[in-house]
Amino acid sequence: MERRQFLKSTGAALTATAFGTLSAPAILRAQNAPIRIGLMTPLSGVVAAGGREIAEGFNLYWEERGHTIAGRTVEVLIEDDAGNPDTALQKARRLVEQEKVDFLIGNLLANTGLAVANYVKDNGTPYFIPVIAADDLTQRQRIRNVIRVAGYTASQMSRPLADWALKQGYKRIATIGQDYSFGHEQCAGFAQVFTEGGGEIVGQLWNPLNTADFSPYIGQLADMNLDAVFAMELGADATRFMKQYSDFGLKGNVPLLGAQNFTDQSVIRTLGEECEGIISSAHFAEGSENPETRKFVEDYTRKFERMPSLYGFSHYSGALWIGQVIESLNGDISDRDAFIDAVLASELENSPLGRPVKFDDYGNPIYDIYIRKVEKNADGKYWNVPIETYPQVSQFWTYDPQEYLKAPAFSRDYQGIKK
């Protein structure tokens with residue numbers, strides 16, 4: 001593939017240096033042939049900022065290695081899924097059927113990831129999902145070749161925050177979330193743990209993606225006599241919600257808790273005091289004093305002139321995890337089943353988290369999860385600082401997996417709330 005064709009296929013004016021190596025002409029897929037990776041990410045649309053950081057983080061790892069591993073050249077082919085499931089499916093087909101990639105990785109929104117997962121279910125292409133968090137992909141509808149390297153389930157990350165909120169004495173909380181599967185599941189993980197611990201979910205509000213005016217929702221929240229609000233918004237919606245929450249006068253009066261994406265660097269780096277003091281939960285905190293995390297944050301910031309987001313971190317770590325497995329196989333990933341088995345049996349080592357990470361029996365990573373607070377650092381930038389740690393949190397929290405999976409999947413209509 002020519003350079004001009006490769007750049008055109010991304011749907012954005014990306015440089016080869018920043019976003020991947022250039023494709024070589026089609027060659028026999030012998031063992032010494034390049035490893036071809038199909039990276040899908042939204043480079044246009046409401047979550048494009050996070051999508052660009054997916055490409056940055058993923059390619060940073062390969063650039064550090066000189067785009068080689070186990071004696072083989074690595075080629076990264078990038079496609080813009082535009083945050084649209086139909087587009088994501090079209091791009092996945094092109095990468096697999098025309099470009100003959102060895103595996104797929106990426107996507108950001110749950111609906112795009114589900115579309116690609118359903119496609120690879122039938123053809124067996126390995127598909128790695130560092131941020132696609134739809135619960136059932138490692139639960140009731142698990143697909144063996146769809147693996148969460150450096151990923152997580154949506155409801156996994158919000159559960160510790162609900163437990164923490166109960167310990168603060170919060171009794172009445174309302175949730176607001178984006179009205180699609182990722183929002184439903186993050187809110188449900190929080191609501192389930194909070195109500196089982198004796199708290200009350202006073203109300204649940206749902207807004208469409210790309211909501212410009214949150215005042216009708218914030219007005220309702222203001223009238224509920226709440227101890228706190230749990231917000232699940234990402235991208236531009238998170239920015240707008242925080243600004244309007246502050247403008248409405250709720251900041252400082254009703255504590256604001258957030259899902260991990262709510263206070264991600266891709267959001268708070270553009271904000272001022274609106275984001276200060278917000279509490280969220282995640283396995284990654286760029287303000288951690290862990291030496292490995294600090295080094296990664298410093299190196300990333302030096303290269304890109306901004307701190308890493310969850311998207312950049314997750315795809316760097318995902319590339320690292322896959323790279324470690326490819327090295328263990330001496331570069332031979334021609335046997336897909338053996339490749340998938342090796343990934344599932346592996347652990348992520350020497351990552352920016354500073355501690356090993358392994359999969360549970362369902363192919364989902366188990367993490368130490370931080371309760372994080374948005375604070376201003378010595379450079380005057382806002383970042384997420386750990387204030388408490390919940391060790392070894394699985395996607396099933398404290399529940400027995402077999403019993404847990406008998407319950408319905410989380411949705412807008414089923415939030416796991418204990419009545």
Side-chain angles (χ1 to χ4, degrees), residues 49-50 52-65 128 130-131 133 148-152 156-158 160-161 164 234 258-269 271 275-324 346-359 364-394:
R52 294 183 71 87
E53 293 185 54
I54 283 176
E56 288 176 353
F58 187 72
N59 280 288
L60 177 60
Y61 172 77
W62 299 111
E63 289 170 12
E64 289 176 349
R65 298 190 58 93
F128 301 109
V131 297
R148 295 192 203 276
V149 291
Y152 43 83
Q156 179 179 7
M157 292 297 163
S158 55
L161 184 60
W164 180 88
L234 56 79
Q260 60 178 346
N261 306 79
F262 188 57
T263 64
D264 185 61
Q265 267 299 315
S266 59
V267 174
I268 63 174
R269 68 167 65 104
L271 292 171
C275 68
E276 190 167 13
I278 296 175
I279 304 294
S280 63
S281 54
H283 60 304
F284 175 67
E286 68 275 19
S288 171
E289 294 183 355
N290 178 284
E292 287 81 0
T293 303
R294 179 177 294 178
K295 182 180 186 304
F296 172 72
V297 171
E298 290 174 352
D299 291 348
Y300 193 102
T301 303
R302 188 179 305 111
K303 181 172 180 62
F304 297 111
E305 298 184 342
R306 60 177 178 272
M307 286 183 281
S309 69
L310 178 68
Y311 309 113
F313 155 76
S314 295
H315 281 77
Y316 179 91
S317 297
L320 174 63
W321 201 329
I322 296 166
Q324 290 174 353
S346 67
E347 292 187 10
L348 174 63
E349 299 177 346
N350 305 315
S351 82
L353 290 175
R355 54 199 181 278
V357 180
K358 64 180 181 180
F359 291 108
N364 191 80
I366 300 170
Y367 293 108
D368 291 353
I369 293 181
Y370 296 122
I371 305 300
R372 316 177 305 177
K373 184 177 182 180
V374 177
E375 297 180 355
K376 187 179 290 187
N377 66 15
D379 296 326
K381 307 291 186 181
Y382 287 105
W383 62 357
N384 291 282
V385 176
I387 59 174
E388 190 169 330
T389 303
Y390 282 72
Q392 296 297 285
V393 176
S394 85

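Since we're looking at a predicted model, the values are computed, not measured.
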How far apart are the C-alpha atoms of K373 and N384, what are their side-chain angles, what is the distance that settles it, and do they pass the side-chain contact (heavy atoms from CB on, under 4.5 Å) test?
-> CA-CA 5 Å; K373 184 177 182 180; N384 291 282; over 6 Å; no
Answer yes if the side chains of [X] and [Y] hold a donor-acceptor pair under 3.5 Å, and no otherwise.
X    : Y    : result
Y300 : E305 : no
T389 : D368 : no
E276 : Y382 : yes
S317 : S351 : no

Restricting to non-hydrogen atoms, name the atom on [X] and the atom on [Y] that form the minimum distance, rounded to 0.1 Å.
X    : Y    : result
E286 : R372 : OE1-NH1, 4.4 Å
P308 : T301 : CD-OG1, 4.2 Å
S266 : Y311 : OG-CE1, 3.4 Å
A285 : P386 : CB-CG, 3.7 Å
P130 : S314 : CB-O, 3.6 Å
N290 : G354 : OD1-CA, 3.7 Å

Between [Y] and [X], is the closest basic N to carboxylate O distance under 4.0 Å?
X    : Y    : value
E56  : R306 : yes
E53  : K303 : no
K295 : D299 : yes

Heavy-atom side-chain contact between [X] and [Y] under 4.5 Å:
X    : Y    : value
H283 : V393 : no
V149 : P365 : no
K381 : K376 : no

Candidate pair L234 and V267, rule side-chain contact (heavy atoms from CB on, under 4.5 Å), full reasoning = CA-CA 8 Å; L234 56 79; V267 174; 5.8 Å; no
Output the distance between atom [atom1] ([X]) and atom [atom2] ([Y]), rounded to the nearest 0.5 Å.
X    : Y    : atom1 : atom2 : value
D264 : L310 : CG    : CG    : 5.0 Å
L161 : Q260 : CG    : CD    : 11.0 Å
L60  : L320 : CG    : CG    : 11.0 Å
I387 : Y370 : CD1   : OH    : 13.0 Å
F313 : T293 : CZ    : OG1   : 7.5 Å
I369 : S280 : CD1   : OG    : 11.5 Å

Which residues pass the ring-ring contact (aromatic ring centres under 6.0 Å, His included) test with F359, sequence neighbours left out?
->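 Residues passing ring-ring contact (aromatic ring centres under 6.0 Å, His included) with F359: W321.
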Determine yes or no for a side-chain-to-main-chain donor-acceptor pair under 3.5 angstrom, with [X] supplying the side chain and [Y] the backbone.
X    : Y    : result
S281 : M157 : yes
R355 : L353 : yes
Y390 : W164 : yes

Aromatic ring proximity F296/Y316, centre distance under 6.0 Å =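 When the ring centroids of F296 and Y316 are compared, they turn out to be within the sub-6.0 Å range.
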When you look at F262 and I278, which way does the side-chain contact (heavy atoms from CB on, under 4.5 Å) test go after all the steps?
-> CA-CA 9 Å; F262 188 57; I278 296 175; 4.1 Å; yes
More than 12 heavy atoms of other groups within 6.0 Å of Q392 CD |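 Count over threshold, so yes.
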Output, in order, the C-alpha distance, side-chain angles, deciding distance and verdict of side-chain contact (heavy atoms from CB on, under 4.5 Å) for V357 and Y367.
-> CA-CA 7 Å; V357 180; Y367 293 108; 3.7 Å; yes
